Number of protein chains: 2
Amino acid sequence: MARSPLTREAVLETAAALVRQHGPAALTMRKLAAELGTAVTSIYWHVGNREQLLDALVERTVQDMGAIRPSGRTPAERIVSVARSMRRELRERPHLIAMVHERGLTDRMFLPAQRALVAEVRAAGLSGARAADAVRAVQFQVVGFVLVERNRERSPVQSPGEGELWEPAAAPGDPALARALARPVDPERLFLLSVRTLTEALLAAG
Amino acid sequence: MARSPLTREAVLETAAALVRQHGPAALTMRKLAAELGTAVTSIYWHVGNREQLLDALVERTVQDMGAIRPSGRTPAERIVSVARSMRRELRERPHLIAMVHERGLTDRMFLPAQRALVAEVRAAGLSGARAADAVRAVQFQVVGFVLVERNRERSPVQSPGEGELWEPAAAPGDPALARALARPVDPERLFLLSVRTLTEALLAAG
DNA sequence: ACCTGAACACCGTTCAAGT
DNA sequence: ACCTGAACACCGTTCAAGT
């Protein structure tokens, strides 16, 4: 595909596509060059070395994160809605998000979401250091949950799975508990439960 | 250092040391061979290829995770103590833990901790699916928090840091909030606050 | 200003050959 | 049973040379 003159934008575009589909490990300078129909070394002229290329992709991702529109009737409901938006946005770009995270730009990426959280926390009557704690607790919880979830999906075959390890004997006198632990996790449900519980407890302190 | 006959144990030992100090990326078959004073290819005879070597290291780490001894007077206190133990164990082996996690063995690694959590949750009066939810919510929260924390430490220079972004103007009418958000996160404190809040709220439902 | 190929120093892995 | 070096196919990066 040796086409129109190579441009920084084109390089980033193709690189982003490669990462999105196959992860950052699949982004080699040589494959990228082949994809673009140029010599490997041309890439260096436009975007610098591999590290700088990845940095540029990350920067792009951070810019692309949309604004957050809270919805719901109470502050708690609106915080939960913000959390769900954060999770959705994270899950849509798993590879790129991991790279953003590795570069320590997660906070900057979540600045719009954080502003929304601040507003809701204040609306619930919290202020000062207490309000800051609540905002950060929710933010850590959401990002952490998505990280755990992502890794679980990457290798869904827990060996041996949680299941086998939780024979009824493991929770004597409570077969329902044993059965529940033997079932695979429903992440969506657990996420909602966790965020809702934490949020309501944090706001109740106000 | 061409010494005594090469053994699988020696290979794993040296490999683990390399990973512990410099991370998995620094573990190349050639460097490992140099460290051991053997030919690169000897490693393949003893532990197989690089992937299998990493798998073996992970297996070792999982086995090494100690048992958990809860402490405290109430179930909530004891759950928080379990959470702190989990966090400490995770933080002591950051690289290896990340590898365990990538291979989806986190659940198995935390089986002892999970048993402890189950016991405490039941002691607090929860049972059935509700108890399972509580256990998993705490487990996700702890692992997630440590993952977030770890990535933050790896790249402590948030650019621009949260600080600059939270000029007093950002939280109009609440300079204390703005100041609190401008300060760097105290992970230890935030961890305790988050776990304690979530735990107490989860147990209160029982 | 932009693009190129050759060359370098690194990888993981295979394999035939040694003892 | 254990260890070896040579060889292969892949990396990222530099650099002098082209237009």
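Everything numeric in this text was worked out from a predicted model, so none of it was measured. All values below were derived from every heavy atom in this structure, side-chain atoms included, with hydrogens, water molecules and symmetry-related copies excluded. Just so we're on the same page: letters track the sequence lines, and every chain starts at 1.
- Shown here for A:A116 and A:P70, the closest heavy-atom pair between the two residues is CB-CG, 4.2 Å.
- Closest approach of B:L190 and A:D133 over heavy atoms only: CD1-O, 4.0 Å.
- With values rounded to the nearest 0.5 angstrom, A:F110 atom CZ is found 7.5 Å from A:I68 atom CD1.
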| said: salt bridge (Lys or Arg N to Asp or Glu O under 4.0 Å), that's the test. Do A:E35 and A:R30 meet it? Break it down for me. | reply: CA-CA 9 Å; A:E35 198 81 12; A:R30 290 172 135 99; over 6 Å; no
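- When each of B:R30 and B:T7 is assigned the nucleotide of DNA chain D bearing its nearest heavy atom, the one mapping closer to the 5' terminus is B:T7.
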| Given the rule that a pair is Watson-Crick or G-U wobble with both distances under 3.5 Å, how would you write DNA chain C in dot-bracket, using | for pairs to a different strand? | ||.|||||...|||||.||
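- First and last contacting nucleotides of DNA chain C toward chain B (any atom under 4.0 angstrom from a heavy atom, 5' to 3' order): C:dC11 to C:dC15.
- By the 4.0 Å N-to-carboxylate-O rule, B:R93 lies too far from B:D64 to be salt-bridged with it.
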| task | Evaluate the salt bridge (Lys or Arg N to Asp or Glu O under 4.0 Å) criterion for residues B:R115 and B:E120: first the C-alpha distance (whole Å), next the side-chain angles of each, then the deciding distance (0.1 Å), finally the verdict. | result | CA-CA 9 Å; B:R115 285 193 205 282; B:E120 296 307 332; over 6 Å; no
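- For the segment residues 40-52 of chain A, residues with any heavy atom less than 4.0 angstrom from an atom of DNA chain D are, sorted by number, A:V40, A:T41, A:Y44, A:N49, A:R50.
- By the 4.0 Å N-to-carboxylate-O rule, B:R150 lies too far from A:E102 to be salt-bridged with it.
- Evaluation of the salt bridge (charged side-chain N to carboxylate O under 4.0 Å, His left out) rule for B:E92 yields no partner, not counting sequence neighbours.
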| request: Apply salt bridge (Lys or Arg N to Asp or Glu O under 4.0 Å) to the pair A:R103 and A:E59, showing each step before the final yes or no. | output: CA-CA 10 Å; A:R103 280 163 176 75; A:E59 186 57 37; over 6 Å; no
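- Annotation: proximity of residues 12-23 of chain B to DNA chain C (heavy atom, distance under 4.0 Å) is found for no residue.
- Sequence neighbours left out, the pairs with a member in residues 180-202 of chain B that pass ring-ring contact (aromatic ring centres under 6.0 Å, His included) are B:F145-B:F191.
- Using a 4.0 Å heavy-atom cutoff across all strands shown, A:L27 reaches sugar-phosphate atoms only and no base atom.
- In summary, B:E188 and B:R84 engage in a salt bridge, as defined by a charged side-chain N under 4.0 Å from a carboxylate O.
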| task | Carefully, step by step, assess A:R87 and A:E149 under the rule salt bridge (Lys or Arg N to Asp or Glu O under 4.0 Å). | result | CA-CA 10 Å; A:R87 174 163 174 268; A:E149 194 182 359; 2.6 Å; yes
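- A distance of 7.0 Å separates OG of A:S194 from CG of B:L202, quoted to the nearest 0.5 Å.
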